[in-house]
There are 2 protein chains.
Amino acid sequence: MNIKEASQQTGVSSAAIRYYEKEGLIPAIDRTEVGNRDIDNRILRRIRFVTQMRSAGMSIENLRRYIQLFDAQEDNTKEQRALLQEQLAVMEEKRDDLQAAIDHLNYKLAHFDDHMASTEAELRALEAQHQSERDS
Amino acid sequence: MNIKEASQQTGVSSAAIRYYEKEGLIPAIDRTEVGNRDIDNRILRRIRFVTQMRSAGMSIENLRRYIQLFDAQEDNTKEQRALLQEQLAVMEEKRDDLQAAIDHLNYKLAHFDDHMASTEAELRALEAQHQSERDS
DNA sequence: CCTTGCCTTCAAGTGAACTTTAAGGGTTAC
DNA sequence: GTAACCCTTAAAGTTCACTTGAAGGCAAGG
């Protein structure tokens, strides 16, 4: 499959696929006899994985470190494990922030039809709610 | 409280606080007689809220739209409700991507001490797992 | 043979979200 | 009075993650 088709299948631009390859986020792609990229399902899966992680907010730099670790043939060291755990902690915090924001929005939507003069009262109520969740 | 103290309390730089005010992400801040910002707890809460949403991946632009809606004194329209729901959908997708990535990492960590030549086998296993979650 | 449409590399450009710099003002401490 | 810190605005600079442009190659169609 050429890069155009890969782009259509993944929703990632051709230029971005080339960029991801250059940055080491996806493996080096095989070439045809004339030098064009020939993309297989393995690469497609990798592109989708990168998209997912990027959408989840992981930086290119951290993603590269993570993927190099994941691809490593050598023995896994304590250092590598620490990197994974560090990434995990960052992502869990992000997820929790996101969940809090989602709660916020859901609360707003639930009370959307009420007349509500006081935005501040709502904010305080939500904060109290999140606080008590954290306390428990 | 002056901007420096607010910066220390929130972990947001003074320049970023000014930027957020200029962009309408936090309300206009009261000034002292000489024109310096005088930041109260209400503003502090707003700064923390912005930080949380930004960390969760919401853009300045969407955050501004959301906050203006939230602060609106006027009647809430269908359009406003639609905006909230749109934001909610974006954030839920982000959260789910994040959760999938966290699962990925946890799987990797759980199998860290195993010898594992095949990274690809892992990727396939995870994808199958997520697929079955989606199917269920 | 030349246009269309794919591809290539490399370099420069872009938009978002800040950060840094410049130029200046007010208040307290020596 | 001048140095040390705080503050102000406006504008320019920086970083990230791409996007766009330039210049060219290969293959099919009219």
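Convention: sequence-line order gives letters A, B, ...; per-chain numbering from 1. Quick note: numbers below take in every heavy atom, side chains included, and nothing from hydrogens, waters or symmetry partners.
- Atom pair A:Ile29:CD1 and C:dT9:C1' shows a separation of 14 Å (rounding to whole Å applied).
- With B:Gln99 as the partner, the side chain to side chain donor-acceptor pair (under 3.5 Å) test is satisfied by one option alone out of A:Glu92, A:Gln99, A:Arg95: A:Arg95.
- Between A:Arg37 and the phosphate of C:dT9, there is a side-chain N or O to OP1/OP2 separation shorter than 4.0 Å.
- What you find for B:Ile39 and B:Ile29 is that their closest heavy atoms are CG1-CG2, 3.8 Å.
- Minimum atom distance to the side chain of A:Arg31 is reached by C:dT9, of the listed C:dT9, D:dA17, C:dC18.
- In the set C:dC7, C:dC18, D:dT19, the nucleotide with an atom closest to the side chain of B:Ala16 is C:dC18.
- Note: CD1 (A:Ile3) to C1' (C:dC7) measures 9 Å, nearest angstrom.
- Rounding to the nearest 0.5 angstrom, the gap separating the CZ atom in A:Arg48 from the CD atom in A:Gln9 is 6.5 Å.
- Rounded to whole Å, the distance from CZ on A:Arg65 to C1' on D:dC16 is 16 Å.
- Rounded to a whole Å, the CD atom of B:Glu21 is 12 Å from the P atom of D:dA10.
- The side chain of A:Tyr20 places an N or O atom within less than 4.0 Å of a non-bridging phosphate oxygen (OP1 or OP2) of D:dC18.
- Across every non-hydrogen atom of A:Glu5 and A:Asn2, the tightest pair is N-OD1, 2.9 Å.
- Comparing B:Asn36 and B:Ser59 against DNA chain C, the residue whose closest nucleotide sits nearer the 5' end is B:Ser59.
- B:Glu23 places its CD atom 14 Å from the P atom of D:dT9, with the value rounded to the nearest Å.
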| said: The test is side-chain hydrogen bond (donor to acceptor under 3.5 Å, both in side chains); show your working for A:Thr32 and A:Asp38 and say whether it passes. | reply: CA-CA 6 Å; A:Thr32 64; A:Asp38 186 15; over 6 Å; no
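- Spacing between atom NZ of B:Lys22 and atom P of C:dT19 amounts to 13 Å, rounded to whole angstrom units.
- Residue A:Arg18 places no side-chain N or O under 4.0 Å from the OP1 or OP2 atom of D:dT20.
- For the OP1/OP2 pair of D:dC18 and a distance below 4.0 Å, the side-chain nitrogens and oxygens of A:Arg54 include at least one atom meeting the criterion.
- Contact between the side-chain N/O atoms of B:Asn2 and the OP1/OP2 oxygens of D:dC7 is found at a separation under 4.0 Å.
- As judged by a 4.0 angstrom heavy-atom cut-off over every strand, A:Ser13 is placed among residues touching the sugar-phosphate backbone only.
- Atom CD1 of B:Ile17 is separated from atom P of C:dT19 by 11 Å (rounded to the nearest Å).
- Toward the 5′ end of DNA chain D lies the nearest nucleotide of A:Leu25, the other residue of the pair A:Glu33 and A:Leu25 mapping further downstream.
- Nucleotide D:dC18 holds its C1' atom 15 Å from the CD1 atom of A:Ile47, rounded to whole Å.
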